[in-house]
Each structure stands twice: as C-alpha cells, then as structure tokens.
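Structure first, then comments.
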Amino acid sequence: MKIIDGKLVSQTMRNELAEKIAELKNNFGKVLKLSVIIVGNDPASEIYVRNKSKACEEVGIYSETIKLDESISQDKLENVVLTLANDESVDGILVQLPLPRHIDEKRVLSLIPTEKDVDGFSSDNIGKLTQFDESALLACTPHGIIQLLKRYEVDFCGKHAVVVGRSNIVGKPVALMLLKENCTVTVCHSKTENLADFTRKADILVCAVGKKHLITEDMVKDGVIVVDAGINRVDGKIYGDVDFDGVSKKASLITPVPGGVGPMTITMLLYNTYFAGLKKTNE
Ligand code: NAP
C-alpha cells in the first residue's frame, strides 16, 4: 500500500508553475493577475482568501483582494464583477462564497467571463468539460484529484471508477473527468441503495460526501485506489469520509486526510490562473 502525498505533489506543481509563470513574464512581459472578491467578514472565508493570495505570491501571480461591505447591494456587487470582467489586466476572477443572503449568488457568478472563471463552476466551463473540450477551466478540487492520480501514474483506461457524492463542486465534475480519462464511471449519492455493492466493485473509489468514515474496510476490494475528498471536523480533529486505518489495509494507493486532496485545491486555482493568462497571451 502506498500513501498519496498531496503536500508533496502540490509543492512540486507549484514549483513547476512558478517556473512557467516566470517564463511568461520574461518572454512576454506578462504578469498574471487574480482578482478575489470577498463580501463581509466571515472568518473562514477570510482565511481562505489569505491563503489564496499567499499561494499566488509564492508562484509569482499578482493577486488583488477586493473586500466589500456585508451590506453591499446586488447592483454594486455586479458592477464590481463587470469592471473586472472588462479589465484586460485581470486573468482570473474569484468570488469567495458564500455571499450574504440578500445577494443572488447565481447572477453574480454568471457575470464572470468563461475565460476568467478560475473556479471552473460556470455553466459554460462545466458544459465544456462535458464535451471534453480542452479549453475548459476545470473546478479545482476535482481537477486536483485527477492530477494526484496522474502523478502517481494511475492507469485510468477501462477501470471502474466509483464516485460517492454528486455535488456540483466535487462529485459531478470528478465523475466527468474520470469519464474523460476513459474510466467506466458509477456515481453514488444519498439515495443509492446498498452503497457497498457499488463501492466493492470500484477499481478507483472517490469519496466526496462529508460523513466521517462512511467507507469502511468491508466496503472495498483488495487493491482498490482510494481518493478521499471529505473534510469532517469532529472535536477539533479532521477526518475523511474513509476509515483510513481499515481501508488502507486493502488499498494499493490511498490519500490521507489531511494531507491528500486538501493541499491540491489552491494549487489548481494557481494552475487555472496560469492557464487563463497563457491562453490570452497566445491569442
Ligand atoms: P455536498 O454538496 O454536501 O454533497 C455531498 C454529496 O454526498 C451529495 O451528493 C449527497 O447526496 C452525498 N451523500 C450524502 N450522504 C450520503 C451517503 N450516506 N451515501 C452516499 N452519498 C451520500 O458536499 P461537497 O461540497 O461535495 O463536499 C463533500 C466533502 O468534500 C465535504 O466533506 C467537504 O468538506 C469536502 N470538500 C473538500 C474540498 C477540498 O479542498 N479538499 C473541497 C470541497 C469539498 P445527495 O446529492 O443525494 O444529497
């Protein structure tokens, strides 16, 4: 059994990105810019945004944080997004969620141009993913999962991938990405009957549920590859959706929680900003 080291893969990718970003600057005078909008004072959101700008700095992306008051109107917020949408110097726009209750989140997000949608959540980018269009900006956590597996030289072709969870941000996009990699994909969710009947058939099992230790040793087959995106905080400790101690006895490759999928998400945001800026430079 091998443990996937998400921190190591993430750092390796960031080092590679830093080199490519420096090349863009040296060869084309292009400085990548990510604009992050944060509304209100949610402490968790503030930590996420701080981590994102620190990571940008580390790889040479200029990041600007636009902090707006909790009471901002829909119109004013939309105007801020539209200004960034029309600003040539901005490569990526990220609106930190959740937004205050009085704001129509969908409408705000729909104003981010497809080519600047570095979260990869827009209908356009999901549509492109569905069509296996290489120009899609891919949602960060699922894309991070695929990158982790690729870096550990997982052979996807013809493998049965079972995804537990069907959210728009992890389950559904990762299922599409696995399909693009030529896996045969089964998607399970809260209404799935006899979950173990499906998970036991998985060559590759991806869990994105949010339930501590939902997947136990008896629910997987020998040699399975397991990716656990779950983050479950219980009594100040973080647990995955997978009972690591039991399942790792049978797995050939497995992500730990923490230190598996988690570190990849911001790295893929950096990647998307690079990808968006590179495309613009090539146009
Ligand atoms: P979500 O939107 O709450 O979706 C959870 C999914 O799990 C739903 O599709 C739900 O089914 C399914 N589900 C719930 N109970 C189930 C059960 N007993 N059996 C099978 N499926 C079940 O969550 P999410 O946003 O995808 O996040 C999932 C987990 O990943 C969370 O722990 C979250 O913190 C973590 N996460 C981690 C990162 C990261 O950076 N590492 C990023 C995002 C999320 P229904 O559709 O039927 O309700």
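We count ligands from 1, going down the list as the structure has it; atoms in each ligand are counted the same way. This structure is a prediction, so every number in the text was calculated from the model and none was measured.
- No hydrogens or angles considered: nothing links the side chains of Asn182 and Lys159 as a donor-acceptor pair under 3.5 Å.
- Remark: Asp91 engages Lys280 in a salt bridge, criterion side-chain N to carboxylate O under 4.0 Å.
- Looking at Lys128 and Glu134, no side-chain N of the basic residue comes within less than 4.0 Å of a carboxylate O on the acidic one, giving no salt bridge.
- Remark: minimum distance from atom 33 (C) of ligand 1 to any protein heavy atom is reached at Ile231 N, 4.2 Å.
- Contact annotation: Gly230 has at least one heavy atom less than 4.0 Å from an atom of ligand 1.
- Taking 4.0 Å as the cut-off between side-chain N and carboxylate O, Glu115 and Lys279 do not count as a salt-bridged pair.
- The pair Lys116-Glu88 does not count as a salt bridge, with every side-chain nitrogen at least 4.0 angstrom from each carboxylate oxygen.
- Ligand 1 is never approached by Gly171 to a heavy-atom distance shorter than 4.0 Å.
- Residue contact check: Thr141 has heavy atoms under 4.0 Å from atoms 38 (C), 39 (C), 40 (O), 42 (C) of ligand 1.
- With respect to atom 4 (O) of ligand 1, the closest heavy atom belonging to the protein is Ser167 CB, 3.7 Å.
- The single protein non-hydrogen atom nearest to atom 21 (N) of ligand 1 is His189 C, 3.1 Å, given as residue, atom name and distance.
- Only the side chain of Thr265 comes within 4.0 Å of ligand 1, counting heavy atoms alone; its backbone N, CA, C and O stay farther away.
- Among all non-hydrogen protein atoms, the one lying nearest atom 25 (O) of ligand 1 is Ile169 CD1, 3.4 Å.
- Counting heavy atoms under 4.0 Å from ligand 1, residue Val164 touches it through the side chain alone.
- Distance from atom 43 (C) of ligand 1 to its nearest protein heavy atom, with residue and atom name: Val170 CG2, 3.7 Å.
- Glu19 and Asn15 share no side-chain donor-acceptor pair at under 3.5 Å.
- Looking from atom 9 (O) of ligand 1 to the surrounding protein, the closest heavy atom is Arg166 N, 2.8 Å.
- Less than 4.0 angstrom separates some heavy atom of Val261 from each of these atoms of ligand 1: 41 (N).
- Close approach of ligand 1 to Ala229 (heavy-atom distance below 4.0 Å) involves ligand atoms 30 (O), 35 (C), 36 (N), 37 (C), 41 (N).
- Within the 4.0 Å heavy-atom criterion, the part of Lys211 lying near ligand 1 is the side chain and not the backbone.
- A donor and an acceptor atom, one from each side chain of Asp87 and Ser89, are located under 3.5 Å apart.
- Partners of Tyr239 under the ring pair (Phe, Tyr, Trp, His ring centres under 6.0 Å) rule, at least two apart in sequence or in another chain, are His213.
- Ranking protein heavy atoms by distance to atom 11 (O) of ligand 1, first place goes to Ser190 N, 3.1 Å.
- Counting protein heavy atoms only, atom 5 (C) of ligand 1 is closest to Val209 O, 3.4 Å.
- Checking Thr141 against Thr265 by side-chain atom types alone, a donor-acceptor pair falls below 3.5 Å.
- Counted by atom type alone, Ser167 and Lys172 present zero donor-acceptor pairs between their side chains at under 3.5 Å.
- If you check the side chains of Ser71 and Asp69, you find a donor sitting under 3.5 Å from an acceptor.
- When each atom of ligand 1 is checked for a heavy atom of Gly262 under 4.0 Å away, the hits are 41 (N).
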